[in-house]
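To keep things clear, I will list the structure first and then write my remarks on it.
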Amino acid sequence: MSDISDLPQHHDRVLIVDFGSQVTQLIARRVRECGVYCEIWPFNNAADDRVRAFAPKAVILSGGPASVTEETTPRAPEIVFALGVPVLGICYGQQAMCAQLGGAVEAGDHREFGRAFLDVKEPCTLFDGLWETGQREQVWMSHGDRVNRLPDGFRVVATSDGAPFAAIADDSRRFYGVQFHPEVIHTPSGKELLENFVRRVAGCEGDWTMAAFREEAAAKVREQVGDRRVICGLSGGVDSAVAAVLLHEAIGDQLTCIFVDTGLLRESEGDQVVAMFREHYNLPLIRVNAGDRFLGALAGVTDPEIKRKTIGSLFIDVFDEEARKLGGADFLAQGTLYPDVIESVSFAGGPSVTIKSHHNVGGLPARMKLKLVEPLRELFKDEVRALGRELGLPEKFIRRHPFPGPGLAVRVPGEITEEKLTILRKADLIYLDEIERAGLYDAIWQAFAVLLPVRTVGVMGDSRSYDWACALRAVTSTDGMTADYYPFPHDFLGRVATRIINEVKGINRVTYDITSKPPGTIEWE
Ligand code: XMP
């Protein structure tokens, strides 16, 4: 949740009340695709004064895993029905709204999961330009309970086999409810329906563009920083790059970027990152070649968590030393994104388990007493990419797959050596080159090679080989939280394997990883 003072004051705002659905973030993305700023707040953290200060022009109630038929389950903050603004309830949100306004919900034995069909019964502003009365429309459902009595003032505008109140409207109060999920792509007109809600029903302007964001964010940074100094850690990833370019535009040479080359980067990666910033932007940039220090500290380390902690803590040391050499700074810029700051409702119960201790520069501000500048903290990843384009970053840079902070260290299970890193870099380069040539790069969230700590016997020419095995990984994902393996054609995999074995000395076997996340993770360590 943003501080109210951070809000884009000149733009309309939509409040999304989260009941813990897996797809609440998609509601926000769809609304923003309509050029309307929105935020997601947990249902139990939306006090009246905060909601009033946020001054939403409309409210959307998300889906959720609980059942309204049980008394102790979540309800919408009453204030949202008293603001005089339009409210749209989705799935659980529709049921909670009906229960709170005098209707009733039953635990259904008409569960609908997946594709369903809607019979459009009456005209409704939500359907304007999309659906005609009498038509049958495809939507995506995921519910067990359903509304079985409407509150006063509502009418039914669409039904489905499992939900007699699949879409409902109270035109005078501008309250709407849908049992289906318009935010998912499996509801083909869902985005347009949400657009009708925020634009036609609520009258939002749709003027929240990246061009506007660029100007406003730069002004906000100038106000926060004044004439003081800012340092920014560049990782080579798109988030820190966009943050740095935006900051440079805002405060010029008050910004210094530090790029720590850990020796765990991919082929020529350090040179490319530095060249891009120096040549295109003339950004004040310090490159620290710390490969020997990192590899020294990692010598003999095989445990994944110790590797990550070693890298994270050394990274902070190196960064800290460089900042001191600069004579200190007052602020640290980070490319934190909105998904990292959304406080989402968890129904899993209990503190979540640490699967991997992700390393970024998170430990820095505390150690160095720096204040944070986070110009991207209201944006989703796709918006950061759009902002990058707006700022003129090269397309090649913007479309780059994510790369983890600990770099190739987590792609060499077991002990890391310079020799293994060199072998891995070569294999990785061939794999990505083939992916680009096949035109598949943009369809994949992340693709990389892993050098397995396994030697296998092969026959090359007339001789026996005894070399390392390599695994290839490629996944599709929307946020890195869940992922599926990418279904490459076999001839593609065969081509890559042949090239790697022929061209990379040290590898004589290639495998393809077809594990999804969960139960696997994307990286191997
Ligand atoms: P996992 O392996 O946890 O990865 O499924 C999910 C996403 O996060 C990236 N990743 C990291 N990013 N520091 C980072 O900045 C890390 O320590 C780290 N570990 C994993 C991973 O590449 C994938 O995109």
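The shown structure was predicted, so the numbers you read here are calculated from the model rather than taken from an experiment. Ligands are counted one by one from 1 in listed order, and the atoms in each one are counted from 1 as well.
The structure places CD of Glu374 at 13.5 Å from OH of Tyr338, a figure rounded to the nearest 0.5 Å.
For Arg13 and Phe54, the positive end sits near the middle of the six-membered ring, less than 6.0 Å away and at most 45° from its axis.
No more than 12 heavy atoms of other residues, nucleotides or ligands shown are found within 6.0 angstrom of OH on Tyr485.
Applying the 4.0 Å criterion to heavy atoms of Arg308 picks out, from ligand 1, the atoms 16 (C), 17 (O), 18 (C), 19 (N), 20 (C). Short contacts between ligand 1 and Gly405, defined as distances under 4.0 Å to a heavy atom of the residue, involve ligand atoms 12 (N), 13 (N), 14 (C), 15 (O), 16 (C). Here is the list of ligand 1 atoms found below 4.0 Å of a heavy atom in Lys517: 1 (P), 3 (O), 5 (O), 6 (C). Those atoms of ligand 1 with a heavy atom of Gly480 less than 4.0 angstrom away are 6 (C). Within ligand 1, the atoms closer than 4.0 Å to a non-hydrogen atom of Thr521 are 1 (P), 2 (O), 5 (O), numbered from 1 in the order shown. Distances below 4.0 Å separate heavy atoms of Pro406 from the following atoms of ligand 1: 13 (N), 16 (C), 17 (O).
The shortest N/O to N/O separation between Glu523 and ligand 1 falls below 3.5 Å. For ligand 1, the polar-atom distance check against Ile522 finds a nitrogen or oxygen pair separated by under 3.5 Å.
Exactly one of Lys381, Arg385, Arg377, Arg400 qualifies for a salt bridge (charged side-chain N to carboxylate O under 4.0 Å, His left out) with Asp239. That residue is Lys381.
Salt-bridge formation is detected for the pair Glu322/Lys325: a Lys NZ or Arg NE/NH1/NH2 atom is positioned less than 4.0 Å from an Asp or Glu carboxylate oxygen.
Ser21 and Ser62 share no side-chain donor-acceptor pair at under 3.5 Å.
The residue Met481 has no part lying near ligand 1, judged by heavy-atom distances below 4.0 Å.
Between Glu523 and Gln446, some side-chain heavy-atom pair lies under the 4.5 Å cut-off.
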